[in-house]
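Just so it is clear: chains get the letters A, B, ... in the order the sequence lines come, proteins before strands, and each one is counted from 1.
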Protein chains: 2
Amino acid sequence: MDDQETADRAPTTVEEFHERLAALADRLPKRLRQCAEYIGANADRIAVSTVAELAAGADVPPSAVMRFCQIVGFSGFSEMQRLFREAYAPVWPDYATRLQALKEKDAGSPAALLGEFIEAGRLSLEALAQSADEAVLNRAVSVLSHVNTVHVVGFRRAFPVASYLAYVFEKMSVPSMLHDGLGQMTHRGALRPGDGLLAITFPPYSRETLSLAEDARARGLAVVALTDRLSSPLATLSDAVVPVPEVDFGSFRSLSATIAVAMALAVAIGTRRGDGENARP
Amino acid sequence: MDDQETADRAPTTVEEFHERLAALADRLPKRLRQCAEYIGANADRIAVSTVAELAAGADVPPSAVMRFCQIVGFSGFSEMQRLFREAYAPVWPDYATRLQALKEKDAGSPAALLGEFIEAGRLSLEALAQSADEAVLNRAVSVLSHVNTVHVVGFRRAFPVASYLAYVFEKMSVPSMLHDGLGQMTHRGALRPGDGLLAITFPPYSRETLSLAEDARARGLAVVALTDRLSSPLATLSDAVVPVPEVDFGSFRSLSATIAVAMALAVAIGTRRGDGENARP
DNA sequence: GAGATTTTGGAATTTTTATTCCATTTTCGG
DNA sequence: CCGAAAATGGAATAAAAATTCCAAAATCTC
């Protein structure tokens with residue numbers, strides 16, 4: 001059974017293990033690919049897990065994990081685990097310590113910057129958890145659950161959020177339209193009675209977004225605003241204003257909190273609409 | 001300290017374990033003290049060792065190690081080991097399962113959903129802080145600091161990240177081009193020698209992104225990958241692979257960690273390029 | 001769409017590992 | 001130095017884990 005076709009014997013380093021995985025990943029059948037993905041992404045836990053635990057994580061039966069180990073080149077799970085146990089070094093500086101270390105690198109180094117952005121994101125999420133207003137969220141969701149098409153608009157730094165919303169709406173089969181400003185075309189004609197607008201903007205507020213919201217308002221559409229504060233210029237144009245506290249680092253927004261709110265809205269809307277029909281979970 | 005005898009309950013944290021050990025160390029007979037000393041000094045190995053291995057290390061029979069575990073307060077070795085294994089991988093134990101449970105209970109509540117997305121973001125950022133690899137970041141930055149134009153590509157759920165990158169590059173006066181796939185035009189001709197590609201993709205990997213990366217590779221461009229793991233299909237096409245641990249549930253990615261990494265890269269690249277010329281700080 | 005081939009899930013088996021038990025040795029107070 | 005109590009080592013047992021195997025299901029070929 002000397003099969004030197006693919007498996008020229010077991011990887012001897014963790015690095016090699018990942019290389020082998022990358023080479024294999026494509027040509028693997030379903031269950032084995034699940035193993036490869038989960039185990040590849042959680043390689044650090046191989047050292048402290050049992051076959052059964054990894055199998056549960058990858059959502060496959062234990063025998064699939066065994067087969068996976070053999071395909072990668074080991075005689076079995078134990079041999080694979082030995083590799084990771086020997087390479088095992090506890091990552092003990094816990095999150096807080098590690099973050100501190102990252103931030104203390106020389107200013108401007110990628111690691112230091114990353115530390116700052118992680119911190120900004122974490123603070124934003126924490127602030128959001130504090131300030132989230134259930135009533136406001138409910139109003140926003142119920143407003144947009146009953147419209148025909150959900151129009152989504154957001155430019156500049158709000159655009160990533162808008163595009164992610166459009167993606168999630170599509171996934172959940174919610175009719176939606178992303179206003180992307182392409183070619184300076186505003187597609188105002190697409191705003192039909194019975195539709196709703198989800199507008200996203202932060203200081204300095206984008207003129208185009210405000211203008212579209214005004215237009216929607218004038219045509220009688222329901223408008224929901226995702227913005228920085230209740231007194232945003234969007235407020236007077238909207239049926240529901242969801243304020244998102246976001247911590248900036250330099251002039252760069254982390255967007256973590258904004259995306260969390262956007263996702264929650266989108267999924268809630270999708271779910272509520274789907275209750276009546278057949279939407280994807 | 002008030003010493004209410006040795007509490008006969010097991011330590012629940014690693015710290016408690018060490019305290020208990022310190023308190024006990026003096027009053028222990030010979031073999032047990034050997035255990036305490038060796039195991040106390042090598043506590044980090046507990047998670048990945050067997051009773052027999054620890055016994056050999058402490059130069060005592062296995063039964064002595066068992067007695068030691070019980071004296072410290074555990075029911076046996078397995079319970080002690082569980083403490084250390086959990087302490088090692090506390091970050092994201094079984095997130096998918098948790099979301100699953102939540103979904104079945106209170107799917108429609110926007111506030112509950114928001115709580116989960118906040119938590120997902122927080123966990124992702126923590127995992128990122130733990131796993132961030134400075135060397136990889138540095139390589140990615142230096143690769144893209146010396147190219148002419150930075151091409152950015154990412155579709156579906158990676159698109160928001162790509163578009164945010166394009167925004168930040170523009171703010172920092174870094175020549176860049178966002179490949180948006182508009183009208184199915186690939187703009188491959190724009191990939192010129194001396195340029196670089198920053199490609200972003202997550203499972204299920206977008207064919208278009210992979211294909212563009214292949215093309216860039218073939219033309220000799222520098223390629224940096226922002227993806228979920230080192231064994232991603234992008235890996236073999238890239239000069240630097242930055243893996244981002246992100247909690248993924250169905251189609252819904254929190255993106256917090258991904259955006260944090262993207263921003264750190266963009267700002268570091270922008271800064272480094274600006275050092276030579278006169279770019280905006 | 002029938003037959004061949006691959007993939008899969010789970011039960012059965014083997015191996016490893018943890019745990020208990022007890023006969024023997026050591027320690028200690030008198 | 002004797003007897004009681006504690007400590008010890010190793011063999012025996014129990015539990016858990018890894019590994020194999022095979023029938024059923026899925027997938028591919030012609």
Open item on the list: If you assign each of A/Cys69 and B/Val60 to its closest nucleotide in DNA chain D, which residue comes earlier from the 5' end?
Closed with: B/Val60

Open item on the list: Counting the benzene-type ring for Trp, do B/Phe84 and B/Phe17 have ring centres under 6.0 Å apart?
Closed with: yes

- [ ] For the residue pair A/Glu15 and A/Thr13, confirm or rule out a side-chain donor-acceptor distance under 3.5 Å.
- [x] no

Task: Cationic N near anionic O, under 4.0 Å, B/Arg122 to B/Glu119 - done: yes

Open item on the list: If the cut-off is 4.0 Å, is A/Ser78 near the phosphate of D/dT19, judged by side-chain N/O to OP1 or OP2?
Closed with: yes

- [ ] Report the nucleotide, chosen from D/dG10, C/dT19, D/dA7, that has the shortest atom-to-atom distance to any side-chain atom of B/Pro29.
- [x] D/dA7

Task: Interatomic distance where CZ belongs to B/Arg31 and C1' belongs to D/dG10 [whole Å] - done: 13 Å

- [ ] Return the value, rounded to whole Å, for the distance between atom CZ of A/Phe68 and atom P of C/dT7.
- [x] 15 Å

Task: Selection from C/dT17, D/dT8, C/dT19 that lies nearest to any side-chain heavy atom of B/Arg67 - done: D/dT8

- [ ] Report the distance from atom CG of A/Leu54 to atom P of D/dT19, rounded to the nearest whole Å.
- [x] 12 Å

Task: Value in whole Å for how far the C1' atom of C/dA18 lies from CD of B/Glu53 - done: 13 Å

Task: Candidates C/dA18, C/dG9, D/dG9 - which lies nearest the side chain of A/Ser63 - done: C/dG9

TODO: Could you check how far CD of B/Glu79 sits from P of C/dT19, rounded to whole Å?
DONE: 9 Å

Task: Closest approach of B/Leu221 to B/Asp239 (non-hydrogen atoms, all atoms of both residues) - done: O-OD2, 4.1 Å

Open item on the list: Distance check needed: C/dT17 P versus B/Arg82 CZ, whole Å only.
Closed with: 18 Å

TODO: Starting at atom CE of B/Met66, determine the distance to atom P of C/dT17, rounded to an integer number of angstrom.
DONE: 15 Å

Task: Distance, rounded to the nearest Å, where A/Gln70 contributes CD and D/dA18 contributes P - done: 13 Å

